[in-house]
Amino acid sequence: MVATTDIGAEVATLLTVPAWSGQRVIELGSMVSADEVAEQLGEVLKLDVKAFAIPRAGWAEGFEQFGIPKGRTGPAEEMFEAVNAGWMDLGAEGTEHVAGTTFARQVFEVAQNATKA
């Protein structure tokens with residue numbers, strides 16, 4: 001997972017460091033479990049939040065509930081299948097890894113504060 005603030009900071013760094021030649025592949029973010037995200041959301045909301053698995057047969061309906069149009073959930077499903085299968089992962093050979101520095105809790109706090117403004 002990666003916060004947009006971390007993306008912006010890394011892009012700013014890449015644009016201001018000495019130029020490089022060739023190609024660079026950078027993966028930005030940190031592996032965070034669903035349980036960790038749920039715990040941090042719960043801390044911000046002061047509620048007991050639990051993560052739970054959705055059976056594969058229910059993925060399309062779940063994505064539709066989040067706003068993906070019916071019949072167009074395939075790419076999201078494929079991405080989740082790739083992650084679950086282990087072939088889409090951080091640490092790919094030849095990449096530069098940059099860990100995220102923003103915790104999910106911080107993202108949730110900013111969102112919560114925005115609703116109060």
With the 4.5 Å side-chain cut-off for hydrophobic clustering, are [X] and [Y] part of the same group?
| X | Y | value |
| --- | --- | --- |
| Val11 | Trp20 | yes |
| Phe66 | Met79 | no |
| Ile26 | Leu15 | yes |
| Phe52 | Phe80 | yes |

For Glu36 and Ser33, what are the C-alpha separation, side-chain angles and deciding distance, and is it a side chain to side chain donor-acceptor pair (under 3.5 Å)?
CA-CA 5 Å; Glu36 290 172 298; Ser33 74; 3.2 Å; yes

Quick one: which of Thr4, Val107, Val110, Val2 gives a side chain to side chain contact (heavy atoms under 4.5 Å, CB included) with Thr102?
Val107

May I ask you to say whether Glu39 pairs ionically with Arg105, meaning some side-chain N is under 4.0 Å from a carboxylate O?
no

So for atom [atom1], which belongs to [X], do other residues, nucleotides or ligands contribute more than 12 heavy atoms lying within a distance under 6.0 Å?
| X | atom1 | result |
| --- | --- | --- |
| Phe108 | CZ | yes |
| Arg56 | CZ | yes |
| Glu109 | CD | yes |

If we count only N and O atoms by modelled type, under 3.5 Å, do the side chains of Thr115 and Gln112 hold a donor and an acceptor together?
no

Distance, nearest 0.5 Å, that separates [atom1] of [X] from [atom2] of [Y]:
| X | Y | atom1 | atom2 | value |
| --- | --- | --- | --- | --- |
| His97 | Leu28 | NE2 | CG | 8.0 Å |
| Glu81 | Trp59 | CD | CH2 | 5.0 Å |
| Gln40 | Leu45 | CD | CG | 12.0 Å |
| Asn84 | Glu77 | CG | CD | 12.0 Å |
| Glu61 | Ile54 | CD | CD1 | 9.0 Å |
| Asp6 | Phe103 | CG | CZ | 10.0 Å |

Glu96 vs Glu27, side chain to side chain contact (heavy atoms under 4.5 Å, CB included): CA-CA, chis, key distance, verdict:
CA-CA 6 Å; Glu96 299 175 47; Glu27 55 186 20; over 6 Å; no

Any side-chain heavy atom of Glu78 sitting closer than 4.5 Å to one from Pro75?
no

Residue pair Glu64 / Thr73, side-chain heavy-atom distance below 4.5 Å:
yes

Nearest non-hydrogen partners of Ala51 and Asp35, listed with the distance:
CB-OD1, 3.7 Å

Looking at Gly100 and Ser30, what are the two nearest heavy atoms and their distance?
N-OG, 3.2 Å

